[in-house]
Number of protein chains: 2
Amino acid sequence: MNRPSIKEVAKKAGVSISTVSRVLNNSAPVSEELRKKVEAAVKELGYYPSNIAKSLRKGKTKTIGFILPDITNPFFADIVRGAEDFLRKKGYTLILCNSDQNGEQEIQLLETLISKHIDGLLFTGTGSFNLLLEEKIRKGLKVVFLDRIIQGINSSYVIVDNKKGMELLLDFLIKSGHKSFIFINGNKETFSAKIRYEVFVEKMEKAKLEYKHYFTNFSYEAGYNFAKKIRKLPHAIVCGNDLIAYGVIDAIEEKGYRVPDDVSVTGFDDILFSKHFKPPLTTIRQPKYKMGMKAAELLIKIIEENKFLNRGIILEPELIIRKSTKELKK
Amino acid sequence: MNRPSIKEVAKKAGVSISTVSRVLNNSAPVSEELRKKVEAAVKELGYYPSNIAKSLRKGKTKTIGFILPDITNPFFADIVRGAEDFLRKKGYTLILCNSDQNGEQEIQLLETLISKHIDGLLFTGTGSFNLLLEEKIRKGLKVVFLDRIIQGINSSYVIVDNKKGMELLLDFLIKSGHKSFIFINGNKETFSAKIRYEVFVEKMEKAKLEYKHYFTNFSYEAGYNFAKKIRKLPHAIVCGNDLIAYGVIDAIEEKGYRVPDDVSVTGFDDILFSKHFKPPLTTIRQPKYKMGMKAAELLIKIIEENKFLNRGIILEPELIIRKSTKELKK
DNA sequence: CTGTTAGCGCCTTCAA
DNA sequence: TTGAAGGCGCTAACAG
């Protein structure tokens with residue numbers, strides 16, 4: 001595209017380029033007369049300053065990278081939206097990168113983003129340690145981890161209190177009389193899956209309940225396939241996320257059982273559709289939009305105040321009771 | 001972040017910066033000896049070339065902007081994914097912008113993107129005419145319209161054959177014996193809503209069927225609220241998209257009717273969840289991922305071959321028959 | 001095969 | 001209040 005440069009504006013206005021720069025950025029006083037001339041020239045030429053020249057000069061791009069597993073997953077879409085809304089307000093722009101939870105991909109994307117001179121990074125990665133990322137953080141790359149923390153890397157993060165979420169859920173289930181459980185969890189390596197697993201086992205042991213636990217992955221298919229193979233139904237099937245729960249419910253109903261009459265099923269996340277699912281899903285709501293927003297806010301703070309505040313923000317989950325669970329007789 | 005520049009690499013390797021540039025880009029022969037030195041220096045310093053300096057120099061940023069209504073809508077998430085996958089393979093990067101279908105917002109975003117020197121733009125806007133966009137296109141901005149065309153602007157586009165989709169759907173419904181229809185359509189201004197409306201009326205008139213048509217908007221709530229007010233059920237309720245259909249079905253079932261026994265309901269789009277909805281939704285599948293991919297492909301072609309090929313790609317929709325419609329006795 | 005240099009568009013001293 | 005000039009990091013002539 002044919003773009004006029006500051007030079008052309010200056011020429012048309014009959015002033016120096018510094019004067020143009022000054023009126024554009026209001027960075028120093030300019031006489032009313034010249035200001036008017038410049039403004040006219042800008043308008044006439046349809047001039048837009050080149051952020052990329054500006055970036056080169058200033059060493060800041062006003063651009064944030066976001067590496068996440070998959071934007072197609074409604075859970076992440078909400079988070080991205082929260083981040084983008086905040087960033088835009090602050091004059092930043094978002095570069096989106098899908099990693100498919102692939103560690104090598106993540107590294108490549110990171111390299112690209114660094115080459116693009118991002119001012120900061122929002123990162124929802126695989127849980128596994130990332131050498132390059134760690135090195136870049138040491139060298140001053142500003143990062144906020146989102147939803148997942150990487151062990152061994154010291155940085156800021158925004159997560160939801162998974163422990164509390166799981167406790168809320170299990171307490172509710174236990175209180176309403178469920179005594180045997182199967183937990184169909186998501187990816188083993190995942191930060192949240194691990195925590196949920198721990199809480200689950202702890203609760204079960206403590207209440208001396210019958211339980212089984214399995215790692216699968218966070219998808220409808222995983223839930224469906226797994227549930228197809230269940231022979232004896234427990235009182236409750238706890239799922240690693242809502243998608244798994246959908247799969248489980250469909251599989252169970254295909255086998256001729258009914259939810260929640262024959263078995264209670266719960267999700268985790270509360271994505272958009274869960275309230276429309278049949279039966280509407282009892283689940284733990286994660287404040288997704290807020291998570292994205294808070295992470296962006298924290299990142300910008302770190303960038304603009306140039307502090308190395310390693311802060312963790314832990315958001316509160318919420319128990320959403322709908323129709324996929326029932327009250328059991330004691 | 002503290003980044004080494006090409007100068008520092010040159011110094012450490014004991015060569016000139018042009019030599020460094022040459023080995024980095026393989027742009028001219030360099031002796032094995034110097035090459036090795038350079039590579040060692042690059043590695044040692046953890047050097048990444050600055051794409052932004054490169055961009056300034058070359059006048060290309062390898063960056064594509066994408067303005068769309070809302071990433072939170074699964075329909076668009078799939079499209080974005082298709083675009084991003086293709087762009088990444090080609091070495092491009094995607095800047096995502098949510099416009100919420102707001103015309104002024106669109107203009108602002110466009111200005112930002114232009115300032116960021118995007119090489120091209122993917123655009124899914126409101127249907128309404130956009131003066132700034134039109135001017136920029138005239139000045140050489142490369143744009144591919146996606147899913148929606150703006151009347152009066154001459155440019156490339158990728159859309160789905162809405163006319164055909166609607167025909168497929170109505171032919172199926174008519175053939176299976178439905179004789180009275182209500183069409184709960186989406187936003188009036190929208191390109192696809194308009195076309196679907198036209199086809200609908202035409203088909204109805206031609207087959208001399210009883211029908212009503214309403215514009216609402218493309219949301220669950222719109223479908224739900226509207227359906228709540230329906231007094232007399234037709235044979236079929238045709239919806240502007242899947243979300244509307246979900247709302248309609250829920251509202252109708254709350255009123256004590258059954259889908260499809262008392263009324264057939266159809267969607268449009270076939271988003272992720274529609275096959276899991278209960279009843280699974282009969283709908284028209286739009287090849288969303290492919291749409292994003294094709295649009296990106298076309299855009300890159302336009303950019304790299306620097307041709308002004310104004311090409312329209314029209315993708316084929318597909319009728320997906322599931323359980324929300326039934327065969328009526330003639 | 002290698003090094004020197006101009007300049008992409010902008011901001012920011014510095015001097016006037 | 002204004003203008004001239006250097007330089008951000010890089011590539012692409014140009015010269016050797």
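Please read these numbers as outputs of a predicted model, since none were measured by experiment. Residue numbers start from 1 in every chain, and the chains themselves are labelled A, B, ... in the order their sequence lines are given, proteins ahead of strands.
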Between A/Val38 and A/Val42, is any pair of side-chain heavy atoms under 4.5 Å apart?
yes
Hey, could you give me each pair passing ring pair (Phe, Tyr, Trp, His ring centres under 6.0 Å) that has a residue in residues 12-32 of chain B? Not counting sequence neighbours.
none
Between B/Thr61 and B/Lys54, is there a side-chain donor-acceptor contact under 3.5 Å, judged purely by atom types and distance?
no
Output the rounded distance in Å from CG (A/Asn26) to P (D/dT2).
13 Å
Is any side-chain heavy atom of A/Val160 closer than 4.5 Å to one of A/Pro287?
yes
Give the rounded distance in Å between these two atoms: NZ of B/Lys54 and P of D/dC8.
19 Å
Would you say that more than 12 heavy atoms from the other residues, nucleotides or ligands in this model lie under 6.0 Å from the NZ of A/Lys294, or not?
no
Answer yes or no: is there a side-chain heavy-atom contact under 4.5 Å between A/Glu111 and A/Leu132?
yes
Report yes or no: do A/Asp147 and A/Tyr157 form a side-chain donor-acceptor pair below 3.5 Å?
no
Could you tell me if A/Thr19 and A/Ser16 have a donor-acceptor pair between their side chains, going purely by distance under 3.5 Å?
yes
Measure from NZ on A/Lys58 to P on C/dC10 and round the result to the nearest Å.
13 Å
Nucleotide C/dG9, atom P - distance to NZ of A/Lys11 in whole Å:
14 Å
Under a 3.5 Å cutoff, is there a donor and acceptor pairing between the side chains of A/Ser192 and A/Asn162?
no
Listed in order of residue number, which residues of residues 40-52 of chain A have a non-hydrogen atom at under 4.0 Å from DNA chain C?
A/Tyr47, A/Pro49, A/Ser50
Does the side chain of A/Ser31 get closer than 4.0 angstrom to OP1 or OP2 of D/dT2 through an N or O atom?
yes
Grab the CG-C1' distance between B/Leu56 and D/dC8 for me, whole Å please.
9 Å
Atom CG of B/Asn25 and atom C1' of D/dG9: how far apart are they, to the nearest Å?
12 Å
Nearest-Å distance, CG (A/Leu24) to C1' (C/dT12)?
15 Å
Tell me: NZ of A/Lys37 to C1' of D/dT1, nearest whole Å?
14 Å
Return the polar atom pairs (N/O with N/O) between nucleotides 3-7 of chain D and the protein under 3.5 Å, or none.
{"residue": "D/dG3", "atom": "OP2", "partner": "A/Ser16", "partner atom": "N", "Å": "3.1"}
{"residue": "D/dG3", "atom": "OP2", "partner": "A/Ser16", "partner atom": "OG", "Å": "3.0"}
{"residue": "D/dG3", "atom": "OP2", "partner": "A/Thr19", "partner atom": "OG1", "Å": "2.5"}
{"residue": "D/dG3", "atom": "N7", "partner": "A/Arg22", "partner atom": "NH2", "Å": "2.5"}
{"residue": "D/dG3", "atom": "O6", "partner": "A/Arg22", "partner atom": "NH1", "Å": "3.3"}
{"residue": "D/dA4", "atom": "N7", "partner": "A/Ser18", "partner atom": "OG", "Å": "3.3"}
{"residue": "D/dA4", "atom": "N6", "partner": "A/Ser18", "partner atom": "OG", "Å": "3.3"}
{"residue": "D/dG6", "atom": "N2", "partner": "A/Arg57", "partner atom": "NH1", "Å": "2.9"}

